[in-house]
Amino acid sequence: MEYVETGAARIPKVGLGTWQNTGSDCAETVRTALDVGYRHVDTAQVYDNEAAVGEGIARSDVDREEVFLTTKVWRSNLRYRDVLDSVQESLDELGVEYVDLLLVHWPHRRVPVAETLDAMTELYESGAVEHLGVSNFTRSQLREAREVADVPLVADQVLYNAYKDQSSLRQYCTRNDVALTAYSPLARGDLLSDALLARIGERYGKSAPQVALRWLVQQHGVVAIPKASSRRHLEQNLDVFEFSLTDDEMARIADRTGSLRVRLRNRLPSVVRRLP
Ligand code: NAP
């Protein structure tokens, strides 16, 4: 396993996504994932599976302390008191004393982010939460949140994959020591049959989803949290650290994100591309 080190946090580069996985299936997936080597699990209050995620962790042979566990405060719980109460409920559901990372799930137009972060900071100071972060924040929303936060925001979890350009946010995160966590890294399945990824993968004996994940984790500061159910998919998605894509392959995949700026940049000779 490789890690993103933000100064404040050390985050395993591949984590398990659990959205739309609930009940005993979810508990079994989490247990299996930890068994095959995952050490990072992503859940949220709104996924209705915190109890199942906690059960999977409890049933595995891996110690709680070895697991980087993330949950997210839902939009209806962003007021000061609601953050404190709902996170206590999350801890009870998960059956843990603390979570490693607590995220604001979505920005809210009517609840000032400072109010939410104040409550999250109280949880941080009490030891209920190891690190704070955000999700679905644009570059300017992240900048604003960082300005009012009293403790470092270690991650912004956003939609990022080979079909979605996030170069502006990624650049900001890299400069400011914030991990960019890529959700829907397989574009919810759309990337599974991508011809370019499959072609590139043939060179390495890897599948299209493995190339999609490798493309993400090979980027500085990027974490990926694919959702998978079967042991086979779980194992495949972790098996992305033993090969490297060339600069040209990285650029050709980035080209798919479709932004004109990215397309132009990728047409430059690689030596020019590396200039700041
Ligand atoms: P995803 O990870 O992009 O794709 C999941 C799909 O790919 C599933 O159908 C899965 O099938 C399949 N798959 C996974 N590995 C595979 C493999 N090796 N070969 C073939 N198929 C494979 O989708 P996602 O669930 O949208 O995103 C991942 C996680 O990101 C979520 O679970 C959640 O934790 C997080 N997320 C966060 C937000 C947010 O607002 N912060 C929003 C969306 C998602 P099987 O299940 O059958 O294996």
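Only this structure's heavy atoms are used, side chains among them; waters, hydrogens and symmetry mates stay out. Order of appearance sets the numbers: ligands from 1, and atoms from 1 within every ligand.
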For ligand 1, the portion of L192 having any non-hydrogen atom under 4.0 Å away:
side chain

Consider ligand 1: state whether an atom of it lies below 4.0 angstrom from any non-hydrogen atom of K72.
yes

Minimum side-chain heavy-atom gap R170-Y160 below 4.5 Å
yes

Would you check if S135 and V104 make a side-chain contact, meaning some heavy-atom pair closer than 4.5 Å?
no

How does P185 reach ligand 1, if at all, at less than 4.0 Å between non-hydrogen atoms: by side chain, backbone, both, or neither?
both

Protein non-hydrogen atoms only, distance under 4.0 Å: does atom 18 (N) of ligand 1 have such a neighbour?
yes

Give the atom numbers and elements of ligand 1 that come within less than 4.0 Å of a heavy atom of P226.
2 (O)

If you count the atoms of ligand 1 from 1 in the order shown, which ones are under 4.0 Å from a heavy atom of I225?
28 (C), 29 (C), 30 (O), 35 (C)

Which ligand 1 atoms does R188 reach within 4.0 Å, using its non-hydrogen atoms?
1 (P), 3 (O), 4 (O), 23 (O), 26 (O)

Using only heavy-atom distances, determine whether the side chains of T138 and Q141 contain a donor-acceptor pair under 3.5 Å.
yes

Side-chain contact test, heavy atoms from C-beta onward, threshold under 4.5 Å: evaluate it for V73 versus S86 and give yes or no.
yes

Donor-acceptor under 3.5 Å (T246 side chain, E249 main chain)
yes

If the plane angle is over 60° it's perpendicular, under 30° parallel, otherwise tilted; pick one for H105 and W74.
perpendicular

Using a 4.0 Å heavy-atom cut-off, say whether K227 meets ligand 1 through its side chain, its backbone, both or neither.
both

Answer side chain, backbone, both or neither: which part of H105 comes under 4.0 Å from ligand 1, heavy atoms only.
side chain

Hey, is A228 touching ligand 1 through its side chain, its backbone, both or neither, going by heavy atoms under 4.0 Å?
both

Answer yes or no: is there a donor N or O on one side and an acceptor on the other, between the side chain of T6 and the main chain of A9, under 3.5 Å?
yes

Given W19, W106, Y183, Y47, which one has a non-hydrogen atom that is nearest to atom 32 (O) of ligand 1?
W19

Show the atoms of ligand 1 that are less than 4.0 angstrom away from any heavy atom in G17.
29 (C), 31 (C), 32 (O), 34 (O)

Measure up the F68 and H131 rings against each other and bin them: parallel (under 30°), tilted (30 to 60°), perpendicular (over 60°).
parallel

What atoms in ligand 1 come closer than 4.0 Å to a heavy atom of Q157?
35 (C), 36 (N), 37 (C), 38 (C), 39 (C), 41 (N)

Counting heavy atoms under 4.0 Å, the part of S184 that contacts ligand 1 is both

Ligand 1 contact on L103 by region, counting heavy-atom pairs under 4.0 Å
neither

Per-atom contacts, ligand 1 versus N136 - under 4.0 Å to a heavy atom:
39 (C), 40 (O), 41 (N)

So, do V178 and V154 sit near enough that their side-chain heavy atoms are less than 4.5 Å apart?
no

Is it true that R232 lies under 4.0 Å from ligand 1, counting heavy atoms only?
no

Can you check whether M250's main-chain N or O pairs, donor with acceptor, with W215's side chain at less than 3.5 Å?
yes

Any side-chain to backbone donor/acceptor pair from N161 onto K164? Under 3.5 Å, distance only.
yes

